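For reference, the structure discussed in these notes is given below.
Hydrogens, waters and symmetry mates play no part in the numbers below; they use all other heavy atoms, side chains included. Here the structure is a predicted model, which means the values were calculated and not measured.
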Amino acid sequence: MEWQHNMPTQPLNWAGQVILLEAEPGQCRRDRLQQCLHQAQASGASTWLLSCDRDRGGPWAGLKVLLNDLIPKIQAEAPDLLIKHDYELASVLPGLGRTISVRNPTLTDTAPKNERVRNYPADRAFRIVHGLIDLLAAWHQRFDSSPWVIACDRFDHAGALARRFFVELMRRRGQQLHLTLVVATDPINSEAVVGQFDPKYLGQCVRLNLHPDPPTCVNQQEITRLAEELEHKVGEDAIELEIHLPELIRYYQLSNQPEKALKYQLHACSIYPKRGFYEDGLVYCEAALPKLERYCPDDIEKHWIIYFKAYNCYAALGKPLQALEVMETAITKLDAPEYLYHCCYMMAMLYARFLPERDLSKAEAYLDRGLEELARADIPQYTKLFQTAFNRNGLALVRQRQGRSHEAMEICQSCFEQLNAHLKPNEHLLHRSVLLYNIAQVYAAINSHEQAIAYLTAAMAMDSNYSEYYNDRGNLYFKLGRFEDALKDYTKAIELSPPYWEVWSNLGQCYRHLSKITEALNAFSTAIDLDPNQFSVLLARAEVFEMLEQPDAALADYNAALALDANQPLALANRAILHYDAGCYEEALADLERAIALSPETADLYQNRAVALTSLGRFQEAARDLKTYLQLCPFAEDRLEVESQLLALLS
């Protein structure tokens, strides 16, 4: 990248792009950002200066300020948008919980703490990001035609999801919003920030030699007073606590009572991973552990919170080795059965699900040890009943992966019946629904789709707002050829959740089988808008473009798909046909040669290459390919026609 040494005088000239400002942090840098925004305002732009520092504003720092500024306007002009995006807004702005309610909460959201047996996958939090981008885009399209300029100070200190929001906002809607995004970073972090943006959206890079703020002398007594006042203001109000959590942590860290910050760091460790904010939750876990060792090394309960949450974060983020290290430490340090049975289960899941090399025998051994520890634990009998079912559910996973599907189903069914027999009807609904879902998965794995649908439908009766259940049942209906039923479920899944690419891709396939090609194109395009790096969706949309006789668009999608994975013979063969139809015979031949190298037993590839070779005047090679085609496909329906072509070539 080339560095400039002056901020652009016309920021709007960079609409749809990112301006990177590298400079020392402080008031001088903020003044330069503000000056840039004043110039944009003079040209009619809507502007915002945001501080994205997670330490001061939490995981959504920066984005919270932008939304808080826009929400009153949206409430006045388009309240339907606030209703449509209630889940996303409540996730970012907990204070909104006092005025809006989430329409479609799942049992994962509402289950009591002691009944929460399922964590959201990491990518579910990305839906919040995309839902909020859709909200801003809809608002801008309906009520705000001005270009936008957003300056993000301390972008290199932003939370993981806040960074993702601004990166995705630029990619998905930068052009529509006429958005200029100015991101300010410390010199040491500029390369990492640049790497987060697609180069095609990166405009000017500016390096300024600015003075940092002078060191400030912290008055610990005054900071302590502020912390205590804020603590008193928050009281027992859960919403206020979440709103002011970053301030409480920061104040106490700077105070003369730094050990009090630990209480609030532990709270952050508890709430953020529960919502799927794993990268941000892990930051708080890793920061809290040294304080825990320093200030209360013998507090087993606090250690368990850190180990448990850190494990969940590492596992969800695809870091199983770090999760293994955490849990091995936990087993060593936490010697009480009340904790060890949990640890054994989590170790079992590492060996059964997460580690790159599975060891199902070791997983089963940990589950058996977990049952032994559970029997020794001093906990209520109904808790033992539930935890036993939870443990055996883990064994069902092991049995499924051992190919013992019927045993897996029997285990889940037995657990479900035990819970029904001994618990009240409204107790542990989440776990009961998960057991039914697991039985459905086993039936689906052995292609017993009708039985899978029956169990999944029963799970949905308990957890009727869980979008993934509708998506999964739609897939089962699709496999049975019940496309109208699948269409209803995919549509319901979309209604219940902020957007995710998988369900839109499935919807596209469903429309395609119903011969609704335009609808299929729109669905695939939405999926690609949400995640442009999905090979299968690009391939599917390319084929739809071909059906609609739009070869240039189809070629662009094949190119994009093959840029993701060049070793796909079907995509190469399809692209070869487009090249051939465009008269680009050499390009067609190159694709077919690559496809044949990857799939030498596919007869049609040789027949297609023979056509390309014939057009290039290479008749002997074409004849050889037709012979190979007939050898691979001796009973081909077009055998007489191919033999005739072969004679013509040889003559």
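A side-chain donor-acceptor contact under 3.5 Å links N506 and N475. For Y511 and T518, the side-chain atoms include no donor-acceptor pair closer than 3.5 Å. Using modelled atom types and a 3.5 Å distance limit, the side chains of D565 and Q568 yield a donor-acceptor pair. Side-chain atoms of N438 and Q400 form no donor-acceptor pair, as typed in the model, at a separation below 3.5 Å. For the residue pair Y120/T106, the side-chain donor-acceptor check at 3.5 Å is satisfied. For the residue pair Q451/Y455, the side-chain donor-acceptor check at 3.5 Å is not satisfied. For the residue pair S525 / R541, a side-chain donor-acceptor distance below 3.5 Å is found, with atom types taken as modelled.
For R173 and E168, the salt-bridge test fails: no basic side-chain N is under 4.0 Å from an acidic carboxylate O. We find that D109 and K274 are not joined by a salt bridge, their nearest charged nitrogen and carboxylate oxygen being 4.0 Å or further apart. Between K516 and E519 there is no salt bridge, since no side-chain N of the basic residue sits under 4.0 Å from a carboxylate O of the acidic one. Comment: D529 engages R172 in a salt bridge, judged by a side-chain N to carboxylate O separation of less than 4.0 angstrom.
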Next item on the list: Kindly determine whether T457 and R473 satisfy side-chain hydrogen bond (donor to acceptor under 3.5 Å, both in side chains), including the steps that lead there.
Entry: CA-CA 8 Å; T457 301; R473 191 173 69 175; 3.1 Å; yes
Next item on the list: Give the intermediate values and the outcome of side-chain contact (heavy atoms from CB on, under 4.5 Å) for residues R618 and L589.
Entry: CA-CA 11 Å; R618 296 162 63 174; L589 179 61; 3.3 Å; yes
Notebook entry, point to check: So W148 and H140, ring pair (Phe, Tyr, Trp, His ring centres under 6.0 Å) or not? Walk me through it.
Noted result: CA-CA 9 Å; W148 285 14; H140 185 271; 5.4 Å; yes
Checklist line | Derivation and outcome, salt bridge (Lys or Arg N to Asp or Glu O under 4.0 Å), residues E450 and R482 | finding: CA-CA 11 Å; E450 294 287 1; R482 295 167 59 178; 3.7 Å; yes
Item checked: Verdict with reasoning, D123 to E502, per side-chain contact (heavy atoms from CB on, under 4.5 Å) -> CA-CA 11 Å; D123 61 359; E502 295 93 336; 3.9 Å; yes
Notebook entry, point to check: Are F635 and L630 close enough, and set up right, to give a side-chain contact (heavy atoms from CB on, under 4.5 Å), and what steps lead you there?
Noted result: CA-CA 8 Å; F635 303 107; L630 293 175; over 6 Å; no
Note to self: Could you walk me through whether L181 and V183 satisfy the side-chain contact (heavy atoms from CB on, under 4.5 Å) test, starting with their C-alpha distance in whole Å, then the side-chain angles of each, then the deciding distance to 0.1 Å, before giving a yes or no?
What the structure shows: CA-CA 6 Å; L181 185 65; V183 296; 3.9 Å; yes
Check: Where do D489 and Y469 land on the side-chain hydrogen bond (donor to acceptor under 3.5 Å, both in side chains) test, with the steps shown first?
Finding: CA-CA 9 Å; D489 271 359; Y469 285 167; over 6 Å; no
Notebook entry, point to check: Given the rule in the ring pair (Phe, Tyr, Trp, His ring centres under 6.0 Å) test, do W60 and F277 qualify, once you have shown the distances and angles that lead to the verdict?
Noted result: CA-CA 10 Å; W60 299 104; F277 306 168; 5.6 Å; yes
Next item on the list: Please step through salt bridge (Lys or Arg N to Asp or Glu O under 4.0 Å) for the pair R54 and D280, ending with a clear verdict.
Entry: CA-CA 9 Å; R54 175 173 44 205; D280 292 305; 2.5 Å; yes
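The closest side-chain heavy-atom distance from C412 to V442 is not below 4.5 Å. At a threshold of 4.5 Å between non-hydrogen side-chain atoms, the residues Q17 and L202 do not count as touching. Counting only heavy atoms from C-beta outward, the side chains of Q196 and F155 approach each other to under 4.5 Å. The shortest side-chain heavy-atom distance between S405 and Y443 does not fall under the 4.5 Å cut-off.
The side-chain tip of R432 does not point at the ring of F416 from less than 6.0 angstrom away and within 45° of straight on.
Residues meeting the side-chain hydrogen bond (donor to acceptor under 3.5 Å, both in side chains) test with H85, sequence neighbours left out: E88. The ring-ring contact (aromatic ring centres under 6.0 Å, His included) test applied to F478 returns F483, H513, not counting sequence neighbours. Scored by the side-chain hydrogen bond (donor to acceptor under 3.5 Å, both in side chains) test, R127 finds E468, S497 as partners (sequence neighbours excluded). By the salt bridge (Lys or Arg N to Asp or Glu O under 4.0 Å) test, E495 pairs with K492, sequence neighbours left out. Applying the ring-ring contact (aromatic ring centres under 6.0 Å, His included) criterion to Y345, with sequence neighbours excluded, gives F390. Among residues two or more places apart in sequence or in another chain, the ring-ring contact (aromatic ring centres under 6.0 Å, His included) test is passed with W504 by none. Residues passing the salt bridge (Lys or Arg N to Asp or Glu O under 4.0 Å) test with D156: none are found, sequence neighbours excluded. Under the ring-ring contact (aromatic ring centres under 6.0 Å, His included) criterion, Y272 pairs with Y284, sequence neighbours left out.
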Show every donor-acceptor pair shorter than 3.5 Å between a side-chain atom in residues 352-363 and any protein atom, with sequence neighbours excluded, or say none if there are none.
residue, atom, partner, partner atom, Å
R358, NE, A352, O, 3.4
D359, OD1, S361, N, 3.4
D359, OD1, K362, N, 3.0

Please tabulate, one pair per line, all N/O donor-acceptor pairs under 3.5 Å involving side-chain atoms of residues 459-466, not counting sequence neighbours.
residue, atom, partner, partner atom, Å
D463, OD1, L107, N, 3.0
D463, OD2, R118, NH2, 2.9
N465, ND2, P105, O, 2.9

Residues 599-606, side-chain donor-acceptor partners within the protein, below 3.5 Å, at least two apart:
residue, atom, partner, partner atom, Å
S599, OG, T602, OG1, 2.5
Y606, OH, P600, O, 2.8

I'd like a table of donor-acceptor pairs (distance under 3.5 Å, sequence neighbours excluded) in which one partner is a side-chain atom from residues 543-551, with atom names and distances.
residue, atom, partner, partner atom, Å
E543, OE1, R512, NH1, 2.9
E543, OE1, R512, NH2, 2.8
E546, OE2, Y558, OH, 2.5

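Within a 6.0 Å radius of CD in Q176, other residues, nucleotides and ligands contribute more than 12 heavy atoms. No more than 12 heavy atoms of other residues, nucleotides or ligands sit less than 6.0 Å from atom NZ of K84.
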